[in-house]
Amino acid sequence: MSNIDLSKVNLNLLLALDALLSEVNVTHAGDRLGISQSAMSHSLNQLREITGDQLLIRGQSSKMVLSPLAVQLRPKVKIVIREI
């Protein structure tokens, strides 16, 4: 992840990442940002491609859980958004 070319990254995805890491649910994250589940799923796919990580994965009972990288990113994303 350290080799991300930010010139190719839509920084609006930062808000999507924050919502996904907070809600740990694609539908709820979409609701939080006022976008459809489909649009949030598309954002998640873009974030997965950028980071090279699944970020949210299916756990027991099909409930989504954060990947280890997502757990590490969660407080950092909060700080970046607060600073912006």
Between [atom1] on residue [X] and [atom2] on residue [Y], distance to nearest 0.5 Å:
{"X": "Leu33", "Y": "Ile35", "atom1": "CG", "atom2": "CD1", "answer": "5.5 Å"}
{"X": "Ser41", "Y": "Arg48", "atom1": "OG", "atom2": "CZ", "answer": "7.5 Å"}
{"X": "Met40", "Y": "His28", "atom1": "CE", "atom2": "NE2", "answer": "12.0 Å"}
{"X": "Glu49", "Y": "Asn45", "atom1": "CD", "atom2": "CG", "answer": "9.0 Å"}
{"X": "Leu21", "Y": "Gln72", "atom1": "CG", "atom2": "CD", "answer": "11.5 Å"}
{"X": "Ser43", "Y": "Leu20", "atom1": "OG", "atom2": "CG", "answer": "7.5 Å"}

Give the cluster check for [X] versus [Y]: same hydrophobic cluster or not, with ILVMFWY residues linked at side-chain heavy-atom distances below 4.5 Å.
{"X": "Ile79", "Y": "Leu14", "answer": "no"}
{"X": "Met64", "Y": "Ile57", "answer": "no"}
{"X": "Leu73", "Y": "Val71", "answer": "yes"}
{"X": "Val65", "Y": "Leu55", "answer": "no"}

Hey, does [Y] have a side-chain heavy atom less than 4.5 Å from the side chain of [X]?
{"X": "Lys78", "Y": "Asp18", "value": "yes"}
{"X": "Glu23", "Y": "Arg32", "value": "yes"}
{"X": "Val80", "Y": "Lys76", "value": "no"}

What are the two closest heavy atoms between [X] and [Y], and how far apart are they?
{"X": "Ser36", "Y": "Ala39", "result": "OG-N, 3.0 Å"}
{"X": "Leu56", "Y": "Asn25", "result": "CD2-N, 4.0 Å"}
{"X": "Ser22", "Y": "Arg74", "result": "O-NH2, 3.8 Å"}

Self-check item: side chain to side chain contact (heavy atoms under 4.5 Å, CB included) between Gln46 and Leu13, intermediate numbers included
Solution: CA-CA 8 Å; Gln46 288 180 304; Leu13 288 174; 3.4 Å; yes
Quiz item: For the side chain of Thr51 and the backbone of Asp53, is there at least one donor-acceptor N/O pair under 3.5 Å apart?
Solution: yes
